[in-house]
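Computed from heavy atoms alone, side chains included, the values below leave out hydrogens, waters and symmetry copies. A note on names: the letters A, B, ... follow the listed sequences, proteins ahead of strands, and every chain is numbered from 1. The model shown is predicted, which means the values in this text are computed figures rather than measured ones.
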Amino acid sequence: MSRYDPATLEPKWQAAWAEAGTFVAQRSDDKPKYYVLEMFPYPSGRIHIGHVRNYTMGDVIARYKLARGFNVLHPMGFDAFGMPAENAAMASGGHPADWTYSNIDTMVAQMKPLGFGLDWSRMFATCDPEYYGQQQALFLDFLEKGLVYRKNAVVNWDPVDMTVLANEQVIDGKGWRSGADVERRELTQWFFKISDFSGELLDALDGLDDWPAKVKLMQANWIGRSRGLQFAFGLVEPTRGHDRVEVYTTRPDTLLGASFVGISPDHPIAKELEAHDPKVAEFCAQARRGGTTEEALEKAEKLGFDTGLRVRHPFDTAWELPVYIANFILMDYGTGAIFGCPAHDQRDLDFARKYGLPVISTFVPLKGDHLKPEDGGEAYVPPKPDKVRWTLPFNWAEEATGEEAIDAAISFCEGKGVGQGVTKFRLRDWGLSRQRYWGCPIPIVHCDDCGVVPEKKENLPVELPRDVSFDTPGNPLDRHPTWAATPCPACGKPARRETDTMDTFVDSSWYFARFTAPRATTPTDLEDAAYWMNVDQYIGGIEHAILHLLYSRFFARAMQICGHLPEKSKEPFNALFTQGMVTHAIFQTKDANGRPVYHYPEEVELRDGRGFLKDGTEVEIIPSAKMSKSKNNVVDPVNIIATYGADTARWFVLSDSPPERDVEWTAAGAEAAAKHLARVHRIAAEIAGDDTAPNDADTPLLREMHKAIFDVTNGVESFGFNAAIAKLYAFTNALGKSTAGAAAKRQAAKTLAQLMSPMTPHLAEEIWAMLGGEGLIANAPWPVANESMLTSDTVTLPIQINGKRRSEITVAKDASKEEVEKHALADDAVQKALAGGQPKKLIVVPGRIVNVVI
RNA sequence: GCCCGUGUGGCGGAAUUGGUAGACGCAGCGGAUUCAAAAUCCGCCGCCGCAAGGCUUGCCGGUUCGAGUCCGGCCACGGGCACCA
């Protein structure tokens with residue numbers, strides 16, 4: 001009898017699949033199609049156990065759907081543009097393209113031994129000119145349809161390196177290399193008009209039934225529809241062409257609590273004042289210091305500058321309010337100006353206290369002690385649906401909810417001619433310009449005569465030049481001696497290419513559509529897209545819940561408008577699953593200076609939950625940390641595959657933890673998985689040589705088998721892979737102990753192999769072949785549970801007395817309620833508890849439980 | 001700061017979605033087999049308690065015949081915050 005030897009068995013079956021073309025996707029009208037996609041990887045260098053987990057989940061679905069008779073598309077590619085390639089070039093002097101393609105080669109070579117059922121013939125990288133050339137064509141189509149435009153926007157500016165910084169490159173408000181205080185600077189940039197789709201992208205979330213509710217909620221909050229009042233405060237004394245400050249507020253009901261007007265440092269009035277008043281300029285410069293992230297803005301100390309300007313309250317011309325420039329007001333949202341109501345907004349309250357401005361409550365709680373903010377309390381900000389007592393209503397009841405008050409306030413103001421109710425969205429347009437080399441060039445030419453001119457489609461792709469250097473900060477495309485020089489596509493005179501490249505989110509916003517026809521000479525082939533789209537199951541990290549998924553939803557709409565996708569693909573992902581990370585303990589000691597030193601798992605010996613180095617030094621164990629190269633806690637799947645085989649790696653990453661949650665990689669867990677697979681192999685091999693006659697044990701084993709089919713199928717369908725695997729353990733135990741006849745055992749073992757085949761495909765093929773299965777198990781139809789084998793004639797019901805389990809009774813499956821009651825009351829424990837009395841209440845939940853209330 | 005999650009034995013987790021909390025696995029303990037070991041097989045295994053029994057799903061409170069599951073309030077940890085991918 002041969003031992004379980006994945007090192008020979010796995011390549012054998014991979015070759016068999018390749019020869020049979022099992023996973024090459026071809027259009028076919030005989031079968032329903034199924035498109036399963038995992039978010040494609042960034043080619044960081046080597047694959048990571050997290051990749052193994054993600055792609056194994058997708059592979060389970062792909063192989064299961066294949067067995068269910070679907071024509072499956074399961075492709076793989078690489079999200080290959082981005083900063084790390086440039087950073088590597090800066091650090092080691094190589095070229096981003098070499099670094100990237102070499103990483104891709106490595107990662108493909110690492111992924112293939114895992115036996116994923118992928119159609120490798122469709123592979124591409126987003127840095128392939130064939131791909132990004134089509135992306136440039138999409139950009140031009142979007143431009144023609146008015147979906148792209150140019151405007152000014154702020155970026156992080158490093159004043160020492162004289163370069164734009166990504167948010168990631170800003171650490172505590174300073175440039176990562178120069179250490180200089182980062183400033184916010186305006187640049188003219190390209191934008192996608194995603195905000196035109198705000199309402200649609202929000203409303204369409206309702207139709208995404210197979211998306212996690214939390215993702216839809218996050219997207220809804222991100223898009224952020226709000227109803228409010230837009231109105232103007234008139235300036236007491238007009239200044240430099242401005243006689244009013246236009247304001248948008250979601251709380252017009254608190255207008256009588258107004259205390260000041262705040263404008264953004266980027267507001268036209270602020271800029272006007274800045275140009276003429278050095279003190280304003282100084283303040284604005286200070287306010288623009290620091291990074292551009294919302295987090296940085298929100299956490300920054302709230303600063304204000306009294307412009308000296310005064311506005312009149314719209315309800316009372318004698319009531320004047322000061323106008324402040326404030327660093328926490330965003331020009332991008334609303335009108336870039338607000339009215340401050342300190343009593344009902346903590347930020348406004350902090351600001352008012354800092355600058356000695358009045359605080360006026362407009363409502364108080366219905367009951368209970370309430371320390372008003374004007375008396376030193378916190379800002380009172382109850383949820384809008386809650387009823388409160390109004391001290392300063394305009395035209396609504398003294399007791400009303402915030403929602404009622406807002407509606408009434410808007411109609412009151414509209415009636416008085418003070419502004420109008422408007423709907424606004426928080427979602428901003430998507431700035432796609434990046435001042436970097438390793439990205440898709442924006443196919444635009446700047447001509448002195450013609451201005452901004454789109455490149456002609458026949459000149460695509462606009463390819464990146466190969467000869468660039470990264471020895472100085474900034475965009476190498478700007479410094480390149482010849483690349484940007486090009487004739488104007490309109491007039492033919494010498495002109496200059498746009499040197500900005502596209503955000504890498506653009507690359508990942510349509511790759512799923514490209515997979516349906518990866519070699520097409522247009523962005524997509526409409527027939528292929530019509531056949532394969534939509535993605536039936538998309539799988540990826542929760543960290544992409546907002547941006548990537550929202551951008552892809554926008555792109556699908558824009559591509560549909562331009563004729564690159566069918567109408568049905570406006571929502572490109574029918575079902576979404578967000579998986580958790582694979583984590584690993586960090587092993588840490590401290591050096592002489594108290595700085596942490598990180599140790600590789602192989603260097604650490606674990607004893608009784610404590611870890612020791614070879615020399616006996618104890619290490620501190622930090623559990624469940626995100627794997628990170630710098631912490632030396634990255635587990636390389638290549639080692640796992642070499643030691644235990646691909647099936648063990650696949651089995652382990654699916655077992656134990658539910659897929660949406662993080663899983664901690666432990667060496668012990670991997671070993672246990674390997675042992676179990678060897679055991680399954682051994683049991684199957686024994687069965688292959690068994691000739692026991694049919695007997696009484698056959699039916700119980702077949703019952704277990706049908707139960708396993710039912711549970712595993714449910715598990716796979718609902719992403720309960722860990723529960724499905726637990727069931728497979730139980731079924732294996734039952735099979736191992738069974739004394740049934742050879743025929744029944746053979747049937748059970750073949751079914752076990754089929755149920756395991758999505759997770760451990762190589763071992764499953766081996767067992768299938770061993771037991772005389774026909775063809776490849778990958779193509780065998782999925783087993784179906786026989787309903788009549790799933791239930792028994794009797795059922796055991798727990799008996800609770802006052803909600804605590806005290807006993808149990810066994811009754812016929814279809815026993816009537818009265819019979820169950822009779823049995824329950826006759827039970828010893830119940831009799832004892834009743835002590836001759838009658839129960840107050842008797843609850844019988846058929847098939848579930850009995851509760852006797854005494 | 002804002003938005004969204006998560007929290008169950010020594011550990012990873014299960015629980016038919018309001019109905020027996022702890023399936024399955026790891027670790028641990030005991031045993032069989034072995035000259036011995038590896039491998040394998042069998043059994044035990046939430047906490048307190050000699051026991052009867054009591055307690056137990058991050059903490060506090062509520063709804064219910066019944067709460068891990070629903071509601072309110074806390075605490076801790078994680079993801080996202082528009083130029084990381």
| query | Are the aromatic rings of A/Phe555 and A/Phe192 close, with centres under 6.0 Å apart? | reply |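 Yes, the ring centres sit under 6.0 Å apart.
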| task | Check whether the ring centres of A/Phe191 and A/Trp430 lie less than 6.0 Å apart, and answer yes or no. | result | no
Please tabulate, one pair per line, each protein N/O and nucleotide N/O from nucleotides 7-10 of chain B that are separated by under 3.5 Å, including the distance.
unit_1, atom_1, unit_2, atom_2, d
B/G7, OP1, A/Arg661, NH2, 3.3

Heavy-atom check, side chain of [X] versus side chain of [Y], under 4.5 Å:
| X | Y | value |
| --- | --- | --- |
| A/Val164 | A/Asn156 | no |
| A/Gln346 | A/Glu378 | yes |
| A/Ile546 | A/Asn221 | no |
| A/Gln135 | A/Asp507 | yes |

Which part of the nucleic acid, if any, lies within contact of [X], taking any heavy atom under 4.0 Å across all strands shown: a base, the sugar-phosphate backbone alone, or nothing?
| X | value |
| --- | --- |
| A/Arg426 | base |
| A/His544 | base |
| A/Leu427 | base |
| A/Ser508 | nothing |
| A/Val850 | nothing |
| A/Phe505 | base |
| A/Gly736 | nothing |
| A/Pro658 | sugar-phosphate |

Integer-rounded Å distance: [N] [atom2] and [X] [atom1]:
| X | N | atom1 | atom2 | answer |
| --- | --- | --- | --- | --- |
| A/Phe721 | B/A14 | CZ | P | 14 Å |
| A/Met502 | B/C84 | CE | P | 18 Å |
| A/Glu808 | B/U20 | CD | P | 12 Å |
| A/Leu549 | B/C4 | CG | C1' | 14 Å |
| A/Tyr551 | B/C84 | OH | P | 10 Å |
| A/Leu547 | B/C3 | CG | P | 17 Å |
| A/Arg848 | B/G19 | CZ | P | 6 Å |
| A/Lys302 | B/C2 | NZ | P | 10 Å |

Residues [X] and [Y] bridged, charged N to O under 4.0 Å:
| X | Y | result |
| --- | --- | --- |
| A/Glu295 | A/Lys299 | yes |
| A/Arg436 | A/Asp500 | no |
| A/Asp711 | A/Lys707 | yes |
| A/Lys354 | A/Glu301 | yes |

| said: Once pairs are restricted to Watson-Crick or G-U wobble with both distances under 3.5 Å, how does RNA chain B read as a dot-bracket string, [ ] for crossings and | for other-strand pairs? | reply: (((((((..(((......[....))).(((((.......))))).(((....)))..(((((..]....))))))))))))....
| task | Would you please confirm or rule out a distance under 4.0 Å between OP1 or OP2 of B/C83 and any side-chain N or O of A/Arg428? | result | no
| message | Using OP1 and OP2 only, check whether a side-chain N or O of A/Ser657 sits under 4.0 Å from B/G12. | response | no
| task | Could you tell me the separation between the OG atom of A/Ser508 and the OH atom of A/Tyr42, rounded to the nearest 0.5 Å? | result |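 Result: 12.5 Å between the selected atoms.
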| said: Looking at every non-hydrogen atom in both residues, tell me the closest pair between A/Asp647 and A/Met759 and how far apart they are. | reply: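 Nearest pair, atom of A/Asp647 first, then A/Met759: OD1-O, 4.4 Å.
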Could you list all N or O pairs between the protein and nucleotides 22-26 of chain B that sit under 3.5 Å apart?
unit_1, atom_1, unit_2, atom_2, d
B/G25, OP1, A/Asn733, ND2, 3.1

Roughly how many Å apart are [M] and [N], using the [atom1] atom of each and rounding to a whole number?
| N | M | atom1 | answer |
| --- | --- | --- | --- |
| B/U8 | B/C59 | P | 10 Å |
| B/G13 | B/A23 | C1' | 10 Å |
| B/A85 | B/U40 | P | 47 Å |
| B/A21 | B/C47 | C1' | 14 Å |
| B/C4 | B/U57 | C1' | 23 Å |

Could you please name the option among [options] that lies closest to any side-chain atom of [X]?
| X | options | value |
| --- | --- | --- |
| A/Glu298 | B/U16, B/G1, B/A85 | B/G1 |
| A/Ile546 | B/G80, B/A85, B/C83 | B/G80 |
| A/Pro798 | B/U20, B/A85, B/C83 | B/U20 |
| A/Lys804 | B/C84, B/C55, B/G19 | B/C55 |
| A/Lys299 | B/G79, B/G54, B/G1 | B/G1 |

Quiz item: [X] side-chain donor-acceptor pair to [N] base, under 3.5 Å:
| X | N | result |
| --- | --- | --- |
| A/Glu295 | B/C81 | yes |
| A/Gln346 | B/C2 | no |
| A/Gln435 | B/C83 | yes |

| query | Syn or anti for B/G7, taking syn as within 90° of 0? | reply |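 Anti, since the glycosidic angle lies more than 90° from 0.
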| message | Does B/U56 count as syn, meaning its glycosidic angle lies within 90° of 0, or as anti? | response |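 For B/U56, whose glycosidic angle is more than 90° from 0, the conformation is anti.
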| request: Within residues 213-225 of chain A, find the residues that approach RNA chain B with a heavy atom at under 4.0 Å, and present them sorted by residue number. | output: A/Lys214, A/Leu217, A/Met218, A/Asn221, A/Trp222
| request: Please state whether the rings of A/His676 and A/Tyr729 are parallel, tilted or perpendicular, taking 30° and 60° as the class boundaries. | output: tilted
Have [X] and [Y] got a donor and an acceptor in their side chains that come within less than 3.5 Å?
| X | Y | result |
| --- | --- | --- |
| A/Asp478 | A/Thr499 | yes |
| A/Gln579 | A/Arg661 | no |
| A/Asp827 | A/Ser807 | yes |

| note | Given the options A/Tyr511, A/Tyr538, A/Phe512, A/Phe78, A/Phe40 meets ring pair (Phe, Tyr, Trp, His ring centres under 6.0 Å) only with A/Tyr511
| task | Would you kindly check if the NZ (Lys) or CZ (Arg) of A/Arg426 is within the cone defined by 45 degrees around the ring axis of A/Trp222 and under 6.0 Å from the six-membered ring centre? | result |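 Checked: cation-pi criterion met.
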| said: Can you confirm if the NZ or CZ of A/Lys302 lies within 45° of the ring axis of A/Phe351 and under 6.0 Å from the centre of its six-membered ring? | reply: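 Because its charged atom misses either the 6.0 Å distance or the 45° angle limit, A/Lys302 does not stack over A/Phe351.
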Collect all protein-nucleotide pairs involving nucleotides 64-66 of chain B in which both atoms are nitrogen or oxygen and the distance is under 3.5 Å.
unit_1, atom_1, unit_2, atom_2, d
B/C65, O2', A/Asn851, ND2, 3.2
B/C65, O2, A/Asn851, ND2, 2.5

| field | For A/Glu168, salt bridge (Lys or Arg N to Asp or Glu O under 4.0 Å) partners two or more places apart | value |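 Applying salt bridge (Lys or Arg N to Asp or Glu O under 4.0 Å) to A/Glu168 gives none.
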| query | Start at the 5' end of RNA chain B and walk down; is the nucleotide closest to A/Arg805 or to A/Gln169 reached first? | reply | A/Arg805
